[in-house]
Amino acid sequence: SRIGMDIFISTDSVYMACDPDKFVRSNNRLLEASSEATYSRKRARKDKYGADKLKAEEALWAAGVDFVALRLPDVLGAHENTGRQQKLFMRILRGKKIGAKV
């Protein structure tokens with residue numbers, strides 16, 4: 001059976017184009033689902049990629065598309081251009097610990 005919902009691959013970079021005053025954080029400072037992704041022109045100038053993804057999400061909502069946006073962090077691959085992938089690989093090659101703080 002089909003759920004009938006589209007999936008939009010977005011990015012956690014959308015938050016770099018948002019007004020942080022609209023974020024709601026838990027006691028341990030994690031971003032809550034109730035946070036608003038409110039566009040900030042000033043911040044968007046610093047992260048065009050995040051701003052463009054946020055605009056795409058907003059266009060889908062405005063068009064009435066039934067979708068979920070997966071705001072993925074750091075997708076690595078052939079077109080990664082942040083330098084994070086190289087840093088990760090160098091850390092592995094040096095035998096250092098990798099992972100996320102939880």
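What you see is a predicted model; the values in this text were computed from it and never measured.
Note: Lys96 NZ to Met90 CE = 10.0 Å, rounded to the nearest 0.5 Å. Between Leu54 atom CG and Met16 atom CE the span is 13.0 Å, to the nearest 0.5 Å. The OG atom of Ser10 lies 7.0 Å from the OH atom of Tyr49; values are rounded to the nearest 0.5 Å. To the nearest 0.5 Å, atom CG of residue Leu72 and atom NZ of residue Lys53 are 8.5 Å apart. To the nearest 0.5 Å, atom OG of residue Ser40 and atom CG of residue Asp47 are 11.5 Å apart. Atom OG1 in Thr38 sits 10.0 Å away from atom CG in Asp21 (nearest 0.5 Å).
Ile7 and Val65 sit in two unconnected hydrophobic clusters of ILVMFWY residues. Membership requires side-chain heavy atoms under 4.5 Å apart, directly or through other members.
Taking 4.5 Å as the limit, every side-chain heavy atom of Asp19 sits out of range of all side-chain heavy atoms of Arg43. Between Phe23 and Cys18, some side-chain heavy-atom pair lies under the 4.5 Å cut-off. Put simply, the side chain of Asp6 does not reach to within 4.5 Å of the side chain of Asp66, judged on heavy atoms. The side-chain heavy atoms of Val68 and Phe8, taken from C-beta on, include no pair separated by under 4.5 Å.
More than 12 non-hydrogen atoms from other residues, nucleotides or ligands lie less than 6.0 angstrom from CG of Leu93. More than 12 heavy atoms of other residues, nucleotides or ligands lie within 6.0 Å of CD in Glu58, so this atom counts as buried by the packing criterion. With a 6.0 Å radius and a threshold of 12 heavy atoms from other residues, nucleotides or ligands, Asn28 has its CG atom above the threshold.
Below 30°, between 30° and 60°, or above 60°: for Trp61 and Phe67 the angle between ring planes is between 30° and 60°, a tilted geometry.
For the pair Asp12 and Pro73, the tightest heavy-atom approach, listed with the atom from each and the gap, is OD2-CB, 3.3 Å. Of all heavy-atom pairs between Ala44 and Ala51, the closest is CB-CB, 3.6 Å. Among all heavy-atom pairs drawn from Lys97 and Arg91, the shortest one is O-NE, 2.5 Å.
Relative to the six-membered ring of Tyr39, Lys22 misses at least one condition, a distance below 6.0 Å or an angle of at most 45° to the axis.
Between Lys48 and Asp52, at least one side-chain N (NZ, or NE/NH1/NH2) sits under 4.0 Å from a carboxylate O, which counts as a salt bridge.
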